[in-house]
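Everything below concerns the one structure shown next.
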Amino acid sequence: LVLECHKSAVDNGASAANYTEATNILVKNNRVVGVEAKDVLSGDRYAIRARAVVNACGPWIDTLLSRGTKSGSCRKRIPLTKSMNVVVSPLTKDSAFAVTSQRRSDSVVDSSRRMFFATPWRGVSILGTTHEHFDGDPDECKVSGREIEGFLHEFNAAYPAAELTPGDVRYAHWGLTPGNHANGSKSDDSARKSVIRSYNSAKGLFSVVGVKYTTGRLLGEQVVNAVARYLGLTERGPGTRESMLPGAIDWGGEEQLTQSIRTSGLCKHRGSDAAGDLAINYGTAWRQVAGASRLPTMDDPPSLIELMA
C-alpha cells in the first residue's frame, strides 16, 4: 500500500528520492528554508531548499526535530504506543468477530474492558490489537515471544474456544502509533485523532501525526491544503477522493484478474498459488513484478521462533 501511494504520487508529478535521509531541518529567521539530507547509499550530504517542509516521519518525528540546534526550539514530544497484531491458524473461514477481554480499557467502544477482533485473511486469522506504552528508541521497537504468549493467554481467556498455542502463530506485525498518555496509563492508550502541527519558531514547518491508514488519504489532503494556505496558494479540492491507486486501475475483481494472470502463462513456472498471490498483492500492476526471480510468500515473515530468539 505504501509503495502504491508512492507510485501514484510520482505519476502525479511528485519527485521521489529513495534512500535519502533528512538529517536536520533548516530554519532562518524563524522560517523554514529546507532540510539537510544524506544519500545513505553514497554518503553524500546536501541541502534541499524549500519554503515549506512536512515532517511525516511517523515515530521518528521527534528524532528529526531534536537533531542539532536549528530545529531544537520546535521540540514537543509525541507519546508513542506499541501496537501489535498476531496472525494465527484460521479461527473462522468467512466471518470476523470481536471478544471482550477481562483487562480494562479506555476504548470508546467499551470503556470497562478492551476489545479484541479476529478477522479472516488469506486462509489465516488476524488477531489484535494490543496497545502498550512505548518510551524507547523507535529503532529498537521489537516484540518478544513472551509478549505474544501473553496476548494469546489474554485472548484465550476472552474466547476459550480458540485454544490458541504458540504453535498456532504464523507471525506478528507491530509498529509505533501516536499515544494518548495524558492520564498516565501504560496500556490501551492509542490516540484516536490525527494531528497537524505548525510552529511559530519555524514557520512553514508542519509535523504530521497520523493514526490509521484508513484516514491517511484525508490527512494527506488536509496537509496539502495547510501548506497551500501558508504559501498563499489556492487550496486543492478532494482530487484523490475518487482516484484509484495504480494497482486498482481497471480492476475487475480478484477472481477475474487471477484467471487472466493464469491465462497469460507468465507465471506458469511458479507455484499453483502464484496467480492468486499476484492478483491480491499487486492488482492490475502485476505485470511489473511477474518477471521477478522470486515473489514474497506467506512463509517469508519471521516465525515465532525467530521472534523469541
Side-chain angles (χ1 to χ4, degrees), residues 1-80 137-141 175-178 191 193-213 215-240 243 245-246:
L1 180 57
V2 173
L3 183 58
E4 285 291 286
C5 292
H6 184 100
K7 290 164 58 180
S8 178
V10 172
D11 289 344
N12 284 276
S15 297
N18 288 345
Y19 300 101
T20 300
E21 176 186 5
T23 57
N24 202 0
I25 298 170
L26 302 178
V27 179
K28 184 177 182 180
N29 298 327
N30 290 335
R31 291 187 180 276
V32 71
V33 294
V35 298
E36 291 178 351
K38 175 184 176 182
D39 184 327
V40 298
L41 297 180
S42 67
D44 293 341
R45 295 178 179 271
Y46 47 88
I48 301 175
R49 301 294 175 178
R51 291 188 292 156
V53 171
V54 176
N55 178 6
C57 295
W60 292 273
I61 283 178
D62 287 330
T63 302
L64 179 59
L65 292 176
S66 65
R67 288 176 176 172
T69 58
K70 300 181 182 67
S71 56
S73 59
C74 301
R75 300 174 194 173
K76 184 179 179 181
R77 188 177 182 281
I78 297 171
L80 296 176
D137 182 344
D139 288 326
E140 301 299 323
C141 178
L176 295 172
T177 58
K193 293 183 178 180
S194 300
V195 176
I196 302 173
R197 286 183 178 173
S198 57
Y199 307 89
N200 289 330
S201 58
K203 294 180 175 61
L205 173 62
F206 300 85
S207 289
V208 185
V209 185
V211 177
K212 295 182 178 180
Y213 271 122
T215 57
R217 187 216 62 81
L218 176 60
L219 179 59
E221 178 183 310
Q222 293 170 340
V223 173
V224 169
N225 285 336
V227 173
R229 287 194 298 271
Y230 169 74
L231 296 176
L233 304 175
T234 303
E235 293 186 26
R236 299 193 61 179
T240 57
S243 300
L245 293 173

(request) Find the distance between NE2 (His6) and CG (Asp11) and round it off to the nearest 0.5 Å. (result) 10.0 Å

(request) Would you please test Ile61 and Arg197 for side chain to side chain contact (heavy atoms under 4.5 Å, CB included) and show each step? (result) CA-CA 11 Å; Ile61 283 178; Arg197 286 183 178 173; over 6 Å; no

(request) For residues Ile25 and Leu64, determine if any side-chain heavy atom of one lies less than 4.5 Å from a side-chain heavy atom of the other. (result) yes

(request) Measure across Pro138 and Leu80 and return the closest heavy-atom pair with its distance rounded to 0.1 Å. (result) CG-CD1, 4.3 Å

(request) Decide yes or no on side chain to side chain contact (heavy atoms under 4.5 Å, CB included) for Val211 and Lys193, but give the supporting numbers first. (result) CA-CA 6 Å; Val211 177; Lys193 293 183 178 180; 5.6 Å; no

(message) Looking at every heavy atom in both Arg51 and Val32, which two are closest together, and how far apart are they?
(response) O-CG1, 3.7 Å

(request) Would you give the length of the straight line joining atom CG of Asn55 to atom CD1 of Ile196, rounded to the nearest 0.5 angstrom? (result) 12.5 Å

(request) Taking all non-hydrogen atoms of both residues into account, name the closest pair between Leu219 and Gly210 and its distance. (result) CD2-CA, 3.6 Å

(message) Has Asn29 got a side-chain atom pairing as donor or acceptor with Arg31's backbone, closer than 3.5 angstrom?
(response) no

(message) Check this for me: Asn12, atom CG, are more than 12 non-hydrogen atoms of other residues, nucleotides or ligands nearer than 6.0 Å?
(response) yes

(request) Over all heavy atoms of both residues, which pair between Asp39 and Leu41 is shortest? Give the atoms and the distance, please. (result) OD1-N, 2.9 Å

(request) Go through the steps to decide whether Thr63 and Cys57 satisfy the test side chain to side chain contact (heavy atoms under 4.5 Å, CB included), and finish with yes or no. (result) CA-CA 9 Å; Thr63 302; Cys57 295; over 6 Å; no

(message) Could you tell me if the side chain of Leu26 sits less than 4.5 Å from the side chain of Arg49, heavy atoms only?
(response) yes

(message) Test your reading of the model: is there a side-chain donor-acceptor pair from Thr23 to the backbone of Glu36, 3.5 Å cut-off?
(response) yes

(request) Taking the side chain as every heavy atom from C-beta outward, state whether Val27 and Leu205 have any pair of such atoms under 4.5 Å apart. (result) no

(request) Work out which heavy atom in Lys7 is nearest to a heavy atom in Pro246; give both atom names and the distance. (result) CB-CG, 4.1 Å

(request) Go through Tyr199 and Leu65 one step at a time and tell me if the side chain to side chain contact (heavy atoms under 4.5 Å, CB included) criterion holds. (result) CA-CA 11 Å; Tyr199 307 89; Leu65 292 176; 3.6 Å; yes

(message) For the OG atom of Ser8 and the CZ atom of Arg217, what is their distance to the nearest 0.5 Å?
(response) 11.5 Å

(message) Is it the case that over 12 heavy atoms from other parts of the model lie below 6.0 angstrom from the OH atom of Tyr46?
(response) yes

(request) State the CG-CH2 distance between Asp137 and Trp60, to the nearest 0.5 angstrom. (result) 9.0 Å

(request) Grab the two heavy atoms, one from Ala226 and one from Phe206, that are nearest each other, plus how far apart they are. (result) O-CZ, 3.9 Å

